[in-house]
2 protein chains.
Amino acid sequence: MSDAPVLDLATIRHGCAHCSLQQLCLPAGINPTELQQLDDIVRRRRPVARGERLYRPGDALTAVYVARDGAFKTVSISEEGEEQVVGFHLPGELIGLDALGAGTHRCEAVALTTANVCEVPFDQLATIAAQLPSLQHQLLRVIGQSVGRDQDHLGMLVRRQAGERIALFLHGLSERYRNIGQSATQFKLPMSREDIAHYLGLALETVSRGFTRLQEEGVIELAGRRVDIRNPAELNRLAHSAEHEEPRRSARA
Amino acid sequence: MSDAPVLDLATIRHGCAHCSLQQLCLPAGINPTELQQLDDIVRRRRPVARGERLYRPGDALTAVYVARDGAFKTVSISEEGEEQVVGFHLPGELIGLDALGAGTHRCEAVALTTANVCEVPFDQLATIAAQLPSLQHQLLRVIGQSVGRDQDHLGMLVRRQAGERIALFLHGLSERYRNIGQSATQFKLPMSREDIAHYLGLALETVSRGFTRLQEEGVIELAGRRVDIRNPAELNRLAHSAEHEEPRRSARA
DNA sequence: CGGGCCTTTGACGCTTCTCAACGACAGTGG
DNA sequence: CCACTGTCGTTGAGAAGCGTCAAAGGCCCG
C-alpha cells in the first residue's frame, strides 16, 4: 500500500507542465496559468495492457485520449467482420476523434503495447476551450493534424503499389518517431504484420514480402519487429517516386 | 449596373435563416439571435464557375467554405504530379478543413459545376464559436462529420475490389443526395470518370467498366453522367457484402 | 457543323491475392 | 530445463483482377 510502483506514481503526479510531450500535445502554445486549467481536467490512468480497449464502436463520446508512451491502433470492423486499421497512434497524438461527428465512436481503440494514457473528458475540454482561445486554437490544430495524417494515409492507398506503400509507411513512422524525440532509424514496430496489412490495404503476405525485399536491397535491417533503417535516403526515394525507376548512381544525384 | 442577375441577388440576400441547408450546415441547432452573429460574418459569393478554385495548395487558411448548390472536389497533387481526389463536397459540407493542421492548405478545392458558395472567415468563426457554445459544438460536429466521410472513403479503398468500391461510391453519393433533400435514385454525377477513378484509387477504364457492368446487371441506368438507380436494394447488397456471392433470390432473404 | 474532351471497349501483361506449408519465437506447464 | 502449443512471420506456386496501351464512338460547346 505505502509503496506503489515508483515509475507510475512519478508519471501520474507529473502534470502536463512536466510532460515531455507538452509541445506536441494539447498544451502546446498555451500559457502556464491556462495550462493549469487544462491539467485539472486531465485524468492520468494507470497503464493500459496490450490488447485493452479505450472504447468500442457505439460507445458514447465521453473523452479523448492521448498516450504518453506506447502505441494504439484504431480499428473499424466491416459488416463482414474484417478489420480495417484506420490509424496508428503514437504518443502525443489524439485518440477518439472518430466520435466527433455522431457523438458515438465508429472505431475501437486498442493498445498495441502496454501504454500510459491521459484521458480528457470531452465536455469539460470543450467548455474550457471556449474560455481559452489559445487552447481552442490548439485543439483545432491537433484535430487538423489528425485529419492530415488521415490524408497521408489515403495517399498511401490510392494508386500506389505494395512496395511503395510499405516504404511510405516506414518513412512516415520514422518521421513520427523523430517528432517525439525518438530514433528515426531504429525502432520496434508496435504492430503486427497483419495490422500493417490492414492499414495499407494489402494482404499480410504482401507486407512480409515487401519487408523482405527492402532488406535484400539493403534499405532496412529486420529482426522480427525491430527495424533499422540503413539507407534513409533510398527509403525516402522509394516512398516518393515511382518504384520502377532504376536506382540512382549516387545518393543525391 | 442597376439590375444584377435576379437569382443571384435573391440568393445572396437570403441569410442562413432562410437557407434550405440550415439544419445540415453550421447553423444547425443554434438559436435565432446567435444565428445572426454567424450570419454577419458569412460572405456569400457570386457564382463560382466550373473549374475555378477556392484555394490552392500552400494558401494560408483564411476561410472555410460551404456550397449552397453545385459540387466541389478537393485534390492533392503528388510529387509526381498525379491527382489524388481527397473528397467530393456536396451542398452543406464544409470545405477547407485540410488547412486546420498546418494553417496552410494541403489540397486545392475545384468547382465541378457552377456553384454558389458561402465563405466563412476562419478567425472570426473561431472567435464567435468561443462565445457561442452551441456553435462551437456544431463546428466540432461538422468537422467530425467530415472526418467520418474521410473514414468512409478509406473504407472504400482498403481491400475492396473495383466493383465493390464503385457500388459503395454510388451508394454513398445516393445517401448524401437524399440527406440534402434531392432524389436518391436519380441524379447527375458532377464529376468525371477520371475524378471518380482518382477518388477510388482505380484506373478510369476500370471505373467505366464497373459502371457498364452495373448497368448490364440492371442495377443502374446510365446516360453519360446521368444515373438512375433502378435497384437500390441490390446496389446496397453489392456495396455491403462480398461481390462473389451469388445473387440472392429475394430482396431481403 | 466542327473540334475536343469524355467515355467506352478490347487485348495483354503484371502485380497482388489466395491457398498452403513451414519456420521462428514466446509463454506455459511438466 | 526442456518439450509443447499457439501466435506470428516467412516463403512458394498458381490464379485472377486490374492497370496499361490502343483505338473508336459519343456528347457538349463553341
Side-chain angles (χ1 to χ4, degrees), chain A residues 49-51 73 80 82-85 110 112-114 156-170 188-216 220-227 238 242-245, chain B residues 49-51 73 80 82-85 110 112-114 156-167 169-170 188-217 220-227 238 242-245:
Chain A
R50 178 163 177 264
K73 64 174 176 182
E80 302 98 62
E82 286 171 14
E83 281 203 358
Q84 148 69 1
V85 175
V110 186
L112 293 168
T113 62
T114 305
M156 292 187 208
L157 296 179
V158 172
R159 298 276 277 160
R160 300 205 122 90
Q161 42 194 56
E164 217 172 333
R165 294 187 202 187
I166 292 166
L168 230 22
F169 169 71
L170 283 174
K188 181 160 184 259
L189 297 171
M191 71 294 279
S192 69
R193 301 287 191 271
E194 188 174 18
D195 287 334
I196 299 173
H198 287 153
Y199 179 75
L200 294 179
L202 299 170
L204 73 88
E205 295 94 328
T206 307
V207 172
S208 181
R209 282 187 248 264
F211 277 172
T212 303
R213 182 131 188 271
L214 283 175
Q215 181 163 228
E216 286 169 356
I220 63 174
E221 196 78 35
L222 270 180
R225 294 195 181 179
R226 286 229 68 86
V227 180
L238 290 173
E243 235 176 294
H244 345 292
E245 298 176 15
Chain B
R50 178 164 178 263
K73 64 175 175 181
E80 302 96 61
E82 287 171 12
E83 281 203 358
Q84 148 68 2
V85 175
V110 186
L112 293 168
T113 62
T114 305
M156 291 186 209
L157 297 179
V158 172
R159 298 276 279 161
R160 299 206 124 91
Q161 40 194 57
E164 219 172 331
R165 295 187 200 186
I166 292 166
F169 169 72
L170 283 174
K188 181 160 184 258
L189 297 172
M191 71 294 279
S192 70
R193 300 288 191 269
E194 189 173 19
D195 287 333
I196 299 173
H198 287 154
Y199 180 75
L200 294 179
L202 298 169
L204 74 88
E205 295 94 328
T206 306
V207 172
S208 181
R209 281 186 250 266
F211 277 171
T212 303
R213 183 132 188 271
L214 283 175
Q215 181 162 229
E216 285 168 356
E217 289 169 349
I220 63 175
E221 196 78 35
L222 271 178
R225 295 196 181 178
R226 287 229 66 87
V227 180
L238 290 173
E243 237 178 291
H244 345 293
E245 297 176 17

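Naming: A, B, ... by sequence-line order, numbering from 1 per chain. Note that the structure is predicted; figures quoted are calculated from it, not measured.
Sorted by first and then second residue, the side-chain hydrogen bond (donor to acceptor under 3.5 Å, both in side chains) pairs involving residues 196-211 of chain A (not counting sequence neighbours) form an empty list.
The shortest heavy-atom contact between V158(A) and G201(B) is CG1-CA, 3.6 Å. I166(B) and G210(B) make their closest contact through CD1-CA, 3.7 Å (heavy atoms, listed as atom of the first residue, atom of the second, distance). The two atoms that bring A203(A) and A197(A) nearest to each other are C-CB, 3.8 Å, heavy atoms only.
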Check: protein-nucleotides 26-28 of chain C nitrogen or oxygen pairs below 3.5 Å:
none

Can you pull every protein N or O that's under 3.5 Å from an N or O on nucleotides 8-10 of chain D?
| from | atom 1 | to | atom 2 | distance (Å) |
| --- | --- | --- | --- | --- |
| dG9(D) | OP1 | R225(A) | NE | 3.1 |
| dG9(D) | OP2 | R193(A) | N | 3.1 |
| dT10(D) | OP1 | R193(A) | NH2 | 3.3 |
| dT10(D) | OP2 | R193(A) | NE | 2.9 |
| dT10(D) | OP2 | S208(A) | OG | 2.8 |
| dT10(D) | O5' | S208(A) | OG | 3.2 |

Could you pull out the protein-nucleic contacts involving nucleotides 15-18 of chain D (nitrogen or oxygen on both sides, under 3.5 Å)?
| from | atom 1 | to | atom 2 | distance (Å) |
| --- | --- | --- | --- | --- |
| dC18(D) | OP1 | A162(B) | N | 2.5 |

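Applying the salt bridge (Lys or Arg N to Asp or Glu O under 4.0 Å) test to E221(B) and every residue at least two apart in sequence or in another chain returns R230(B). In terms of the salt bridge (Lys or Arg N to Asp or Glu O under 4.0 Å) criterion, residue partners of R160(B) (sequence neighbours excluded) are, by chain and number, E80(A), E164(B).
Rounding to the nearest 0.5 Å gives a distance of 15.5 Å between CG of L238(A) and CZ of R165(A). For the atom pair CZ of R50(B) and OG1 of T114(B), the computed distance is 8.5 Å after rounding to the nearest 0.5 Å. Within the model, atoms CG of L222(B) and OG1 of T212(B) stand 7.0 Å from one another, a figure rounded to the nearest 0.5 Å.
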Side-chain donor/acceptor pairs under 3.5 Å, residues 188-196 of chain A, sequence neighbours excluded:
| from | atom 1 | to | atom 2 | distance (Å) |
| --- | --- | --- | --- | --- |
| S192(A) | OG | E194(A) | N | 3.3 |
| S192(A) | OG | D195(A) | N | 3.1 |
| S192(A) | OG | D195(A) | OD2 | 3.4 |
| R193(A) | NH2 | G224(A) | O | 2.9 |
| D195(A) | OD1 | K73(A) | NZ | 2.8 |
| D195(A) | OD2 | S192(A) | N | 3.4 |

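The environment of R225(A) atom CZ is dense: over 12 non-hydrogen atoms of other residues, nucleotides or ligands sit within 6.0 angstrom.
No donor-acceptor pair closer than 3.5 Å links the side chain of Q215(B) to the backbone N or O of I220(B).
Residues L214(A) and L170(A) have side chains in contact (heavy-atom distance under 4.5 Å, counting atoms from C-beta outward).
Note: CD1 (I220(B)) to C1' (dT7(C)) measures 14 Å, nearest angstrom. One interatomic measurement links the two molecules: CD1 of I166(B) to C1' of dT7(C), which rounds to 14 Å at whole-angstrom precision. Rounding to whole angstrom units, CG of residue D195(B) and P of dT7(C) are separated by 9 Å. The distance from atom CG of L189(B) to atom P of dC6(C) is 15 Å, rounded to the nearest whole Å. Computed from coordinates, the H198(B) NE2 to dC6(C) P distance equals 12 Å when rounded to whole Å.
End-to-end axis angle for the helix from dC1(C)-dG30(D) to dG30(C)-dC1(D), using five pairs per end and rounding to 10°, comes out at 40°.
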